8 protein chains.
Amino acid sequence: MSALFVHDAERARRIGLPEAILCASKTPEQLVLVLERLVATGERALLTRLPPELHAALPEALRRLLDYDPISRTAFLGVADPPAAPARVAVVAAGTGDQRVAEEAVRTLAFHGEAAERHYDVGVAGLWRLLERRERLAAFPVVIACAGMEGALFSVLGGLVPGLVVAVPVSHGYGVAEGGRAALASALSSCAPGVAVVNIDNGFGAACVALRALARGR
Amino acid sequence: MSALFVHDAERARRIGLPEAILCASKTPEQLVLVLERLVATGERALLTRLPPELHAALPEALRRLLDYDPISRTAFLGVADPPAAPARVAVVAAGTGDQRVAEEAVRTLAFHGEAAERHYDVGVAGLWRLLERRERLAAFPVVIACAGMEGALFSVLGGLVPGLVVAVPVSHGYGVAEGGRAALASALSSCAPGVAVVNIDNGFGAACVALRALARGR
Amino acid sequence: MSALFVHDAERARRIGLPEAILCASKTPEQLVLVLERLVATGERALLTRLPPELHAALPEALRRLLDYDPISRTAFLGVADPPAAPARVAVVAAGTGDQRVAEEAVRTLAFHGEAAERHYDVGVAGLWRLLERRERLAAFPVVIACAGMEGALFSVLGGLVPGLVVAVPVSHGYGVAEGGRAALASALSSCAPGVAVVNIDNGFGAACVALRALARGR
Amino acid sequence: MSALFVHDAERARRIGLPEAILCASKTPEQLVLVLERLVATGERALLTRLPPELHAALPEALRRLLDYDPISRTAFLGVADPPAAPARVAVVAAGTGDQRVAEEAVRTLAFHGEAAERHYDVGVAGLWRLLERRERLAAFPVVIACAGMEGALFSVLGGLVPGLVVAVPVSHGYGVAEGGRAALASALSSCAPGVAVVNIDNGFGAACVALRALARGR
Amino acid sequence: MSALFVHDAERARRIGLPEAILCASKTPEQLVLVLERLVATGERALLTRLPPELHAALPEALRRLLDYDPISRTAFLGVADPPAAPARVAVVAAGTGDQRVAEEAVRTLAFHGEAAERHYDVGVAGLWRLLERRERLAAFPVVIACAGMEGALFSVLGGLVPGLVVAVPVSHGYGVAEGGRAALASALSSCAPGVAVVNIDNGFGAACVALRALARGR
Amino acid sequence: MSALFVHDAERARRIGLPEAILCASKTPEQLVLVLERLVATGERALLTRLPPELHAALPEALRRLLDYDPISRTAFLGVADPPAAPARVAVVAAGTGDQRVAEEAVRTLAFHGEAAERHYDVGVAGLWRLLERRERLAAFPVVIACAGMEGALFSVLGGLVPGLVVAVPVSHGYGVAEGGRAALASALSSCAPGVAVVNIDNGFGAACVALRALARGR
Amino acid sequence: MSALFVHDAERARRIGLPEAILCASKTPEQLVLVLERLVATGERALLTRLPPELHAALPEALRRLLDYDPISRTAFLGVADPPAAPARVAVVAAGTGDQRVAEEAVRTLAFHGEAAERHYDVGVAGLWRLLERRERLAAFPVVIACAGMEGALFSVLGGLVPGLVVAVPVSHGYGVAEGGRAALASALSSCAPGVAVVNIDNGFGAACVALRALARGR
Amino acid sequence: MSALFVHDAERARRIGLPEAILCASKTPEQLVLVLERLVATGERALLTRLPPELHAALPEALRRLLDYDPISRTAFLGVADPPAAPARVAVVAAGTGDQRVAEEAVRTLAFHGEAAERHYDVGVAGLWRLLERRERLAAFPVVIACAGMEGALFSVLGGLVPGLVVAVPVSHGYGVAEGGRAALASALSSCAPGVAVVNIDNGFGAACVALRALARGR
């Protein structure tokens, strides 16, 4: 149904990840069609990249079925899985501008019952505050790191914690950092061994990496 | 000691990953210095990107201490950890040209006691053979996929198996695929949710992602 | 008359393809001029990349002569050739976001009397549904495939069907996939032999490739 | 068996294209293995990108089974299909530097029983000579055009002949034309409608496009 | 006074080219300041890249002193030099979308008393019409060619006429042609010897090249 | 508190540079939060990239505490340090379009008590005026140079003055100069030895380089 | 006959430029063929990009017919036109590394009877020496400028002399200047009006621009 | 005399920096010429990028006048200035592969009488060791940092020390880090305010930045 993750119960069963609908490139008409089909079959789904205007353009009846969060631009169709304690994923954001992407990861995890612990405003520019949290962050099996600009956070984190570090380059920045390209290059070239990278701004993808890594369960 | 991962017991303790020495940009003299320091302190280390010429240029005495593999261009200084059964990582290579990178991952895993199951020559061009192995591959918590050219393997695998898929773009190919750039773009843009990406040709890094993800242990 | 395909009866006769007018970079005044000249000489033409605003800015009298489709942003000036049965072209779209480009191909074919069979929402993410249609798709002499993101569809299709596969990279996607660049690279680097590629979003061009390939007739 | 087109009778049957082995990224040992497996099963194969050094490094016994052409760097294992007359493909090369790629296309066609008519040294710089051949070229259902530098040949040809024009950008040239990038951009941006493009230097791929387009037979 | 060509009588005297003011990156306040200074000293100037909105934002009194042309987005402050006959420059535009750039060249020439002969809609797609004009175009000492998309016009013209060919890549086109990059690459890689290139959309610059080349007078 | 330079008294103490808040990627709500926290603790801060709309969206009470300059898009929260005489930094701008970036540098310096002497409209196009000022500019320990287009100013200045030359590429220009890329490449490749470069449009960063270089003080 | 400028008396007559043979991408066998054909018909030709090894590989008999210059890598087949006095072209090179390209221009001019005056080692780094020559350079109708690195020379020259300035970016330099890309961007973005640009290292092309501009004769 | 820094006593006097000769793009003959001219006039000079082969190709008599260092590939012609104590510049290298560039900076400083303190093998991967040295590094007015891969060192250092931080991206690394591009992007996008950047591998340039910044003397 989404441009990419078409309603595909078969696939969901195979890879253990839920229906997700990338809304950005859909017209309101196309999105309504997708949602009505899901509602008709009683399926749950996670909607990503749903801008407020597109959300507002949906019929009232459909909007009422959605749990929408304007910061992460995500919506839940159907209830999220109950969160399991304790949190197994830490989500780190270097700055204010990285939080929308971090929240996309947090919401994706929440939909699948994984609680996340937020560590925001702990970029390399404030190295001391990052170091203070080292021990706490080192306890998580997965740490998702969101950073734009030069993305030095990925390498620093990768050298501090033993868990799986998932780097999400973020598209703020200007000049050579425009569109997140410098942060992406940093993430892929990291001198810290074993940093896993996803596409720019792809908080959803980072959460899916975490879900796959944690699948072997509690 | 490596250009990047200098002899740093502190760091190794923190992130649980071993000493690794990237040999490519070292002169024989520099490499000898690094190795002698390690030998003196009795430390183990994994050497990566050690070309045969550089290996041959090492003093006989040092060479005898190294378990060298010319295909993956890796060497072990000290004995590898004993392999635990059963294998928890599958390493998939699309074609013959991807095997040297796949072997770097296999050897890195082996050094840390993780056995890997090889699935070579199962690219998208031979889709049927890939599908035949779906069930077997779906049983692994981690699947490392190595592919050059257009890297369609990453998306196909990501839609077939529930485990953590680590994509390693490989630098063979020509024209727009030169240097692995097309495969890298494919990996990062994959329509399959939750594909984790490492730098081009970085079999070592992919293995480290696997080691981090598997750290919570047996 | 178009910026590119100026009213050129001579050329049309030579290559057997119709007048086509790329409207995107024209002012309303320029477009009116072009259309009036065609109307005066009684010629048919296909208009592409005609956005609704530009269409709405045309004089009522001209608009009434146009068969306009807002999804593909195409218009017919004059009647389309009657469709010949059965369809010789299949048009495959990976997701909802690819349909506007797919429809440009369908409309271009229709204008020249080639019927097309639509296969939408059959991307690699839903591999099972694609495989189910393999036999049906294999019966077409030409298959036009439209996909954005990583464009894995092109390679999978190229390995499944014997006909001419025309790959149209689509400009949706974000980060490294932005503007369709990743899909274009995938199409050109495909491991499947004999995939023919056209420019990003060029559904019109893909249809013209099909028309040239099918010209030897029924 | 090739890095890409693994020995895969199933696939060959599906898409109607023969075994092809991309030799460039193989070691002599790997190539010998592939060839011996083919010889054992009595299969034919087309070898591409086989440089003279690699050819020379093969055992005498294997070399005797190969029909090797050093200009196109191709070899036939097994006999080519008998050529059908008349030729249905014209292969046009803009200059001397484009001939090695053009020959790869010619040889690929020959292996499958399609004769090709060569039109070399007919680039845009010698426009008059190209125009003189217009009528002759217009008679072919498929015209493969090989050009480096700025690739103006693709657009000029696309406006002159009604057949399927397959553009092969060639990697000679320097400065902004280096590696064939300018020619590739030209091919994809052509103002002539319906030019089909393959990767830089991919004469093999262009021939496969032709074979797919001509498959509906004589 | 322009961001670039500051009011600089000294320089104008040295290189024989007039005051030119690039308006695009100026605020209305900055532009007013520049113009008032020129008016105060009684100097003439050519304004380029003056969008209608910025023109409209100027005070009525200043606007009355300007001879403004909205298509080329140029304005004359002060009277143009009287045109000398016959025209020594031909300005060729491949399509409708190239005309705004071609007109910038025409207006720049006009301001300095050089008449230009327009040859619009004579791109490579309509090769026959271009060839019909060969003799006429061959009579000009300078031919300015404006083309977007793949820019094949530059090479074709360069092989047809003996005069100085100045190539202006134009920023229409999409996909790989976006922003005029493909046309720029074509212009610089042209197989025709001696094509002079200016920046994308730089009709003003092409006219200045012509003025420099023609300076040795009538 | 800024996306990047979070309120971090510790860091400010370490590197001797003040709180700076990059406003561009913040929502009004996020910015208000940051400012209120600073006001509560009585801290001063420099706000950069604060567009008029965002400034206007702040509550009246906060706006009254800010010394806002719409050209440089900077604001002071709290009073600037008193300026020390004489000025130790010259700020050179090639053209009108470079002044907004130059002013960001001037304001950043002013906030920290460094007076700057402006030299605007002295680009290479007006070389004579630049040469006239050589002696005056040569007296400054630091010269900040702002230029877009081809950035020739950096090399010329670097060869004329002995002080530290800080090059700020500016993002005006079009075609190959778009986004400041040509000016950045020029700055980094300068044939004048010892030109220090900062990111495109980063007037703030250039001022910080100056502050670091001048820290050893009066 | 060259890959690009095939033996084409018709074209030479049309554009008034001589036979030129780009040798770089030719095998010795191909080059011999081309030369023998020219010798047989008694035609003159200019050979460019002829490396010493390729020259040495020619048969002695042919070599004796060539006037070869190893620095510019050019050869004359047949005698050059007698040089007309005085020189109408100045060739300026910024540094030692630019001289091989400058010499290609000088030799191309010489072959056609245009004398050139060399001004070497007058880059922007030695601005004073460039200014001293201003008057002399200003007397030439055409000035060819060769520069690598940041190419500031093009803009400085363009602001100093009234003649046609032809910029040849040169491929020395490293980092962002690698391959001449920074110099090319500078040339195209020059703030000096009317700088004509040719491809990187294309001294031959610059000379052809000069020949076209000077064609109207003495 | 060098391609770039021609023997230019005037310039040296103006900017206070010595003769430097970039040797890389010179032939042995050209270099000998340059050196003989310097010897004749008794001038000192710093030679950079002098590979061992080129050094070895110099006449014995000249070689004896040079103080050559093969690691930094620099040579002194004439004696270096006596080093002043204490060192005012710290040179930090992230890894073994960065030392050749760091040494170029150290030697350039030494030639001008500035002692440098080396801090090698202190990259971000060994963050603890970097932090241990913070206080020591914070005492230097200038810190030159050399790093390849992702260049996280620049941001971390920029947040730790108050002095002028000069970032030198180094061209080791592979995949997206190839050629130093990722490190360069990191340096320019640094979240630490006031990091000054020079071209990739430009240790010489970084030292010149330091010399300019320190010129105001002891």
Side-chain angles (χ1 to χ4, degrees), chain D residues 93-98 121-132 134 137-138 145-161 165 167 169-195 197 199-200, chain E residues 93-98 121-132 134 137-138 145-161 165 167 169-195 197 199-200:
Chain D
T96 311
D98 305 312
D121 276 333
V122 288
V124 166
L127 189 60
W128 258 241
R129 291 186 306 132
L130 181 57
L131 295 175
E132 281 162 16
R134 195 190 70 77
L137 290 171
C146 304
M149 303 295 276
E150 93 289 39
L153 176 64
F154 308 133
S155 291
V156 172
L157 256 184
L160 291 181
V161 305
V165 175
V170 178
S171 68
H172 65 74
Y174 56 90
V176 301
E178 200 180 349
R181 301 266 159 172
L184 174 63
S186 267
L188 289 165
S189 318
S190 177
C191 62
V195 171
V197 186
N199 198 2
I200 294 163
Chain E
T96 311
D98 305 312
D121 275 334
V122 288
V124 167
L127 189 60
W128 257 240
R129 291 185 307 132
L130 180 58
L131 294 175
E132 281 163 14
R134 195 190 69 78
L137 290 171
C146 305
M149 304 296 275
E150 92 289 38
L153 176 64
F154 308 133
S155 292
V156 172
L157 256 183
L160 290 180
V161 305
V165 175
V170 178
S171 67
H172 67 74
Y174 57 90
V176 301
E178 201 181 349
R181 302 265 159 173
L184 174 62
S186 267
L188 289 165
S189 319
S190 177
C191 62
V195 171
V197 186
N199 199 2
I200 294 163

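Computed from a predicted structure; not experimentally measured. Protein chains get the first letters and strands the later ones, always in sequence-line order, with residue 1 at the start of each.
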Below 4.5 Å from any heavy atom of chain E, which atoms of L153(D) appear? Answer side chain, backbone, both or neither.
->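 Contact with chain E is absent: no heavy atom of L153(D) under 4.5 Å.
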
Proximity breakdown for L160(D) and chain E, heavy-atom pairs closer than 4.5 Å =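 The side chain, not the backbone.
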
To the nearest 0.5 Å, how far apart are CG in L188(D) and OH in Y174(E)?
->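 If we round to the nearest 0.5 Å, L188(D):CG and Y174(E):OH are 10.0 Å apart.
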
Among residues two or more places apart or on two chains, list those pairs meeting side-chain hydrogen bond (donor to acceptor under 3.5 Å, both in side chains) that have a residue in residues 178-189 of chain E.
->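 Those involving residues 178-189 of chain E are S186(D)-S186(E).
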
Side chain to side chain contact (heavy atoms under 4.5 Å, CB included) partners of A152(E), counting only residues at least two apart =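 If we apply the side chain to side chain contact (heavy atoms under 4.5 Å, CB included) test to A152(E), skipping adjacent residues, the hits are A152(D), S155(D), V124(E), E150(E).
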
